[in-house]
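Reckoned from all heavy atoms, side chains included, excluding hydrogens, waters and symmetry mates. As the structure is a prediction and not an experimental result, all values here were calculated from the model.
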Amino acid sequence: MKTQKAAVIGHPIGHTMSPFIQERLFKLSGIPMEYRVMDVPELAAALPELRELDCFNITIPHKTGIIPYLSDMCESARLCGSVNTVKVVGGRLCGYTTDGAGAAVSLAIHGLDFHRRVLILGNGGAARAIAFQAAVNRPDFDISIAHREGSYDKAMALAGELADFARARGDKKFRVTVMSYRELEDDRDSKYGLVVNTTSVGMYPNTNACQVSGKVVERCEAVFDAVFNPGETELIKLAKSLGKKTVPGMGMLVCQAAYSHKIWYDTEFKNEDILQLIADAQRELAVRFGGGV
C-alpha cells in the first residue's frame with residue numbers, strides 16, 4: 001500500500017492527542033502513513049488540500065461545518081448531526097462519526113455495555129452520539145437525560161428524536177426521561193446501570209468540579225466519563241471511592257480513533273493492544289501537562 005496521507009483538522013488545535021494515538025494505530029496495522037495536524041480556520045478554503053488526503057479526523061469546531069461539503073454520510077452521522085471521521089475517495093468526502101461506537105467499544109473492553117438503564121449527563125454533541133448508540137445497541141432502551149438550567153428544550157428535543165427513532169424501529173417498551181440536575185439530586189429511588197458524563201465539567205484546567213454528588217453516584221453501578229484530561233476526573237475518583245466500576249475518558253478517545261481505522265481500512269485491533277495504547281496515551285498526556293493530570 002502506498003503511504004497514506006492523513007490528518008486531524010480543527011481550530012485551534014494546539015494540544016491534540018490525535019498524532020500520538022494515530023501514529024501508534026498505523027504502526028500496529030502496518031499501514032504506512034504521513035499524519036498531519038492542520039489548523040483550519042475556514043473549511044471552504046481548505047477543501048482542495050483536504051481532497052488530496054486519503055482520510056482525516058475532525059475536531060472542534062468543524063464537526064457540523066463539514067457536512068455541507070460531504071458527498072455521502074453514514075446513518076450514525078445523520079442521526080447525530082455530527083462528523084468526526086472522513087474517508088476521501090477520488091476527491092469525494094464521505095463522513096462518519098465514531099463517537100458512539102468509540103464509547104461502546106471502550107465500555108466493552110472494560111466489561112460493560114449499554115444494556116441497562118443509562119443516565120446521560122448533558123445534551124450536547126457527545127450526549128447525542130452516545131444516546132443514539134445506546135438506543136441502537138438495545139431494543140426497548142431506557143435512557144435518562146440530565147440537563148442544566150436553561151437547556152430543557154434542547155434535552156427534550158433529543159428525547160423526542162430518540163423516541164421517534166424507537167417508534168420507527170418498532171420498539172414497544174422504550175423509555176426516555178428528562179430531568180434537571182436538581183431533580184436528579186432530589187431523586188432517592190431511581191437506580192442506573194451506567195452513568196455517562198458527556199459534559200466538560202471536570203475538564204482541565206477546572207479539574208476540581210464534579211457534575212453530580214455522591215448521592216447520585218451511589219445509585220449507579222458504573223461510571224463512564226468522556227472527559228480524558230485529567231485521566232481521573234473528580235467524578236471518576238468519587239465513583240472509585242464508592243466502589244463503582246469506572247471507565248475514564250482516554251479509553252473513548254483511543255477507541256474512537258481505532259474505529260476510524262475500521263472505516264478507512266477495515267482494520268481490527270486486539271483488545272490488549274488498545275488497552276496498552278490507552279495506558280501509554282495517558283502517560284503521554286501527563287508528560288504534556290507536567291504531571292498535572
Between [X] (side chain only) and [Y] (backbone N and O only), is there a donor and an acceptor less than 3.5 Å apart?
X	Y	answer
Thr16	Ile13	no
Arg188	Glu185	yes
Lys5	Glu34	no
Thr207	Tyr204	no
Lys244	Cys220	yes
Ser71	Cys94	no
Glu49	Ala46	no
Arg36	Pro19	no
Arg92	Lys87	no
Thr177	Ser144	no

Quick one about [Y] and [X] (side-chain donor to acceptor, distance below 3.5 Å, no hydrogens or angles considered), yes or no?
X	Y	answer
Gln4	Tyr35	no
Thr233	Asp225	yes
Gln211	Thr199	yes

*Verify the ring-centre separation between His147 and Tyr181: is it less than 6.0 angstrom?*
no
Less than 4.5 Å apart, any side-chain heavy atom of [X] and any of [Y]?
X	Y	result
Ile109	Cys255	yes
Thr85	Thr97	no
Asn197	Val227	yes
Leu238	Val212	no
Asp54	Met33	no
Leu277	Leu25	yes
Lys262	Phe269	no
Met1	Tyr265	yes

Is the number of heavy atoms from other residues, nucleotides or ligands within 6.0 Å of [atom1] ([X]) greater than 12?
X	atom1	result
Arg182	CZ	no
Glu52	CD	no
Leu275	CG	yes
Lys270	NZ	no
Tyr259	OH	no

Shortest non-hydrogen separation from [X] to [Y] and the atoms involved:
X	Y	result
Ile21	Ala281	CG1-CB, 4.3 Å
Gly95	Val86	CA-CG2, 4.5 Å
Pro12	Asp39	CA-OD2, 3.8 Å
Val83	Ala77	CG2-CB, 4.0 Å
Val88	Arg51	CG1-O, 3.6 Å
Gly251	Ile278	CA-CD1, 3.6 Å

Examine [X] and [Y] and state if one hydrophobic cluster contains both, with Ile, Leu, Val, Met, Phe, Trp and Tyr joined whenever side-chain heavy atoms are less than 4.5 Å apart.
X	Y	value
Ile143	Leu158	yes
Ile58	Leu93	yes
Leu107	Ile120	yes
Ile263	Leu53	no
Leu112	Phe132	yes

To the nearest 0.5 Å, how far apart are [atom1] in [X] and [atom2] in [Y]?
X	Y	atom1	atom2	result
Trp264	Cys55	CH2	SG	4.0 Å
Ile130	Cys80	CD1	SG	9.5 Å
Ser151	Ile145	OG	CD1	10.5 Å
Asn229	Arg288	CG	CZ	10.5 Å
Ile60	Asn84	CD1	CG	11.0 Å
Ile66	Met73	CD1	CE	10.5 Å

Identify whether the distance between the nearest side-chain nitrogen and carboxylate oxygen of [X] and [Y] falls below 4.0 Å.
X	Y	result
Asp280	Arg24	yes
Arg116	Glu221	yes
Lys27	Glu23	no
Lys237	Glu234	yes
Glu232	Lys240	yes
Asp142	Arg117	yes

*Check side-chain contact (heavy atoms from CB on, under 4.5 Å) between Asn137 and all other residues, then give those that pass, not counting sequence neighbours.*
Ala104, Phe114, His115, Gln133
_Apply side-chain contact (heavy atoms from CB on, under 4.5 Å) to residues Ile9 and Asn57 and explain how you reach the verdict._
CA-CA 6 Å; Ile9 71 167; Asn57 301 116; over 6 Å; no
*Apply the test side-chain contact (heavy atoms from CB on, under 4.5 Å) to residues Leu119 and Val196: give CA-CA distance (whole Å), side-chain angles for both, the deciding distance (0.1 Å), then the verdict.*
CA-CA 6 Å; Leu119 169 63; Val196 183; over 6 Å; no
*asked:* Walk me through whether His261 and Gln22 qualify under side chain to side chain donor-acceptor pair (under 3.5 Å).
replied: CA-CA 9 Å; His261 284 249; Gln22 290 288 8; 2.6 Å; yes
*For Arg138 and Asp113, run salt bridge (charged side-chain N to carboxylate O under 4.0 Å, His left out): C-alpha distance rounded to whole Å, both residues' side-chain angles, the deciding distance at 0.1 Å, then the answer.*
CA-CA 10 Å; Arg138 176 186 170 183; Asp113 55 40; over 6 Å; no
*Could you check Val223 against Val247 for side-chain contact (heavy atoms from CB on, under 4.5 Å), going step by step and ending with a plain yes or no?*
CA-CA 6 Å; Val223 172; Val247 182; over 6 Å; no
*Apply the test side-chain contact (heavy atoms from CB on, under 4.5 Å) to residues Asp171 and Phe141: give CA-CA distance (whole Å), side-chain angles for both, the deciding distance (0.1 Å), then the verdict.*
CA-CA 9 Å; Asp171 292 355; Phe141 55 81; 4.1 Å; yes
